[in-house]
Engineer: 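Could you have a look at this structure, given as structure tokens, before my questions?
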Amino acid sequence: MSEEIPPAAPAEPAELAELARRFEAERPQLRAVAYRMLGSIAEAEDAVQEAWLKLGRSDAGGVRNLGAWLTTVVGRVCLDQLRSRASRREDPMPEQEDRVRLPDPVVGGLSALDPVHEVLVADSVGIALMVVLETLSPAERVAFVLHDMFEVPFDGIAEVLGRTSASTRQLASRARRRVRGATPAADSDNARKRTVVEAFLSAARGGDFDALLTVLDPDVVARSDGGTLVPSALRRGAADVASQAITFARFAAEGRIVLVNGSPGVVSFAEGRPLSVMSFTVHGGRITALDILTDPVRLAALGLTA
């Protein structure tokens, strides 16, 4: 998949412009790869920018498949970032289930989308799946994302990880089993999911405990991430989640339905400032997972406006 490229000689302006054009054509794919690897919009952009810098320092004229080469570069950059996180122990440890760090949500409106954004939304990955990806080891996450989500051959992933192809295949297989075992199934009809989200909002706004129980799956899981100042929390079961929803009904009062990672979700505002982003996983007409980001620092970085 990848090729060794020697250092580049100084490029002519026309050559540089053509290289930039080819890179921009690959940018959406590279951004998608990096976001699924890192769960951070800002870090994904940084990884893509680093790939551009590496490309500018290389002689790309002989590359047969620029997209594959750039995907390899982004994969290596993300792997280094994931390993750095692990060494600093920024991520919750598997045995500390009540500690949650949610990935950055990708928020969009429910109005008509242009074709490019329609493709991105259709290919989006739900927050619940991204949470599971956070529990994988750096090597497992790279192997799973590149192979299962972007169909990169194992030989190419092995080059990124510095492992054999057989070892890389085992990593992806192990990650796949963990993802399938921990990711709740989800309905695919956004119109029906929006109806469920609207019912949840109505019940929460009205403090209607019984109505909340009808829209929540008995085994629903709710995760919240308030950042460094507010401890993260994990709640299980419809009664506990319904009680919490009523307690924090102010989030629902100013809630606006949007797309969160391609699926109906809710953004709440106060005086034009975002208070929370809520992502819902819906299966069989009931909410099976609810992920809430309330970290003011990360919410501000999303650039959301009322």
Side-chain angles (χ1 to χ4, degrees), residues 1-2 28-51 67-68 70-97 99-106 120 123-184 186 223 225 232 234 261-262 279 281 289 291 293 298:
M1 183 182 79
S2 64
Q29 172 89 348
L30 300 176
R31 186 188 291 120
V33 171
Y35 171 67
R36 286 152 179 73
M37 293 262 203
L38 301 173
S40 165
I41 296 173
E43 290 179 1
E45 292 289 355
D46 289 344
V48 173
Q49 185 62 22
E50 186 166 342
L70 288 169
T71 298
T72 300
V73 172
V74 168
R76 286 172 178 156
V77 172
C78 291
L79 179 62
D80 290 343
Q81 179 67 15
L82 291 171
R83 285 172 172 167
S84 177
R85 282 187 196 172
S87 68
R88 297 194 303 270
R89 295 190 176 181
E90 289 181 352
D91 296 335
M93 301 301 288
E95 65 270 14
Q96 296 171 311
E97 286 189 345
R99 293 179 56 193
V100 178
R101 186 185 186 282
L102 297 179
D104 289 346
V106 178
L120 292 177
D123 191 41
S124 63
V125 175
I127 294 294
L129 173 56
M130 296 290 289
V131 170
V132 178
L133 295 182
E134 295 280 342
T135 68
L136 302 178
S137 72
E140 286 174 339
R141 187 165 185 172
V142 169
F144 178 81
V145 169
L146 288 181
H147 182 267
D148 285 44
M149 293 184 174
F150 294 96
E151 300 181 345
V152 176
F154 284 117
D155 288 347
I157 303 172
E159 294 181 25
V160 175
L161 297 176
R163 297 173 179 245
T164 65
S165 182
S167 173
T168 301
R169 188 183 298 272
Q170 290 175 351
L171 282 171
S173 178
R174 185 162 65 240
R176 192 178 307 118
R177 289 194 299 270
R178 293 180 62 182
V179 168
R180 288 176 178 172
T183 306
R223 294 170 286 246
D225 180 357
S232 58
L234 186 148
N261 284 53
S279 171
T281 302
D291 294 292
L293 179 66
R298 293 175 63 198

Engineer: In Å, rounded to the nearest 0.5 Å, how long is the span from CG of Leu79 to CG of Leu38?
Structural biologist: 10.0 Å
Engineer: Ignoring hydrogens, what is the shortest heavy-atom contact between Asn261 and Gly126? Give both atom names and the distance.
Structural biologist: CB-CA, 4.2 Å
Engineer: How close do Arg298 and Pro103 get, counting heavy atoms only, and between which atoms?
Structural biologist: NH2-C, 3.2 Å
Engineer: Please give me the minimum heavy-atom distance between Ala34 and Val48, naming the atom from each residue.
Structural biologist: CB-CG2, 4.5 Å
Engineer: For a quick test of reading the model, state the closest non-hydrogen atom pair linking Gly75 to Val160 and the distance between them.
Structural biologist: C-CG1, 3.7 Å
Engineer: Could you go through the side-chain contact (heavy atoms from CB on, under 4.5 Å) check for Arg76 and Glu50 one step at a time?
Structural biologist: CA-CA 11 Å; Arg76 286 172 178 156; Glu50 186 166 342; over 6 Å; no
Engineer: Can you name the closest pair of heavy atoms from Arg141 and Gly39 and give their distance?
Structural biologist: NH2-N, 3.6 Å
Engineer: Does this structure show an ion pair linking Asp225 with Arg101, if we count only N-O contacts that are shorter than 4.0 Å?
Structural biologist: no
Engineer: May I have the step-by-step check of side-chain contact (heavy atoms from CB on, under 4.5 Å) for Phe150 and Arg36, ending in yes or no?
Structural biologist: CA-CA 10 Å; Phe150 294 96; Arg36 286 152 179 73; 3.5 Å; yes
Engineer: Going from CZ on Arg178 to OG1 on Thr183, what distance comes out if it is rounded to the nearest 0.5 angstrom?
Structural biologist: 11.0 Å
Engineer: Could you please spell out the steps behind the side-chain contact (heavy atoms from CB on, under 4.5 Å) verdict for Leu133 and Leu136?
Structural biologist: CA-CA 5 Å; Leu133 295 182; Leu136 302 178; 3.8 Å; yes
Engineer: Tell me, with the steps shown, if Gln81 and Met37 meet side-chain contact (heavy atoms from CB on, under 4.5 Å).
Structural biologist: CA-CA 9 Å; Gln81 179 67 15; Met37 293 262 203; over 6 Å; no
Engineer: Which atom pair, heavy atoms only, marks the closest approach of Ala51 to Val74?
Structural biologist: CB-CG2, 3.7 Å
Engineer: Would you say the side-chain atoms of Arg85 pair up with the backbone N or O of Pro138, donor to acceptor, closer than 3.5 Å?
Structural biologist: no
Engineer: To the nearest 0.5 Å, how far apart are CG in Asp46 and SG in Cys78?
Structural biologist: 10.0 Å
Engineer: Does the Ser84 side chain pair with the main chain of Asp80, one donor and one acceptor, at a distance under 3.5 Å?
Structural biologist: no
Engineer: So, taking the atom named CG in Asp291 and the one named CD1 in Ile127, what distance separates them when rounded to the nearest 0.5 Å?
Structural biologist: 6.5 Å
Engineer: State the CD-OG1 distance between Glu159 and Thr72, to the nearest 0.5 angstrom.
Structural biologist: 6.5 Å
Engineer: Once side chain to side chain donor-acceptor pair (under 3.5 Å) is applied, do any residues pair with Arg180, and if so which ones, sequence neighbours excluded?
Structural biologist: none
Engineer: Are the side chain of Arg163 and the backbone N or O of Leu171 linked by a donor-acceptor pair below 3.5 Å?
Structural biologist: no
Engineer: Hey, which of Thr135, Asp148, Leu129 is the one that makes side-chain contact (heavy atoms from CB on, under 4.5 Å) with Val179?
Structural biologist: Leu129
Engineer: With distance as the sole criterion, is a donor-acceptor pair present between the side chains of Arg177 and Ser173 under 3.5 Å?
Structural biologist: yes
Engineer: Measure the spacing between CG of Leu161 and CZ of Phe154 and express it to the nearest 0.5 Å.
Structural biologist: 10.5 Å
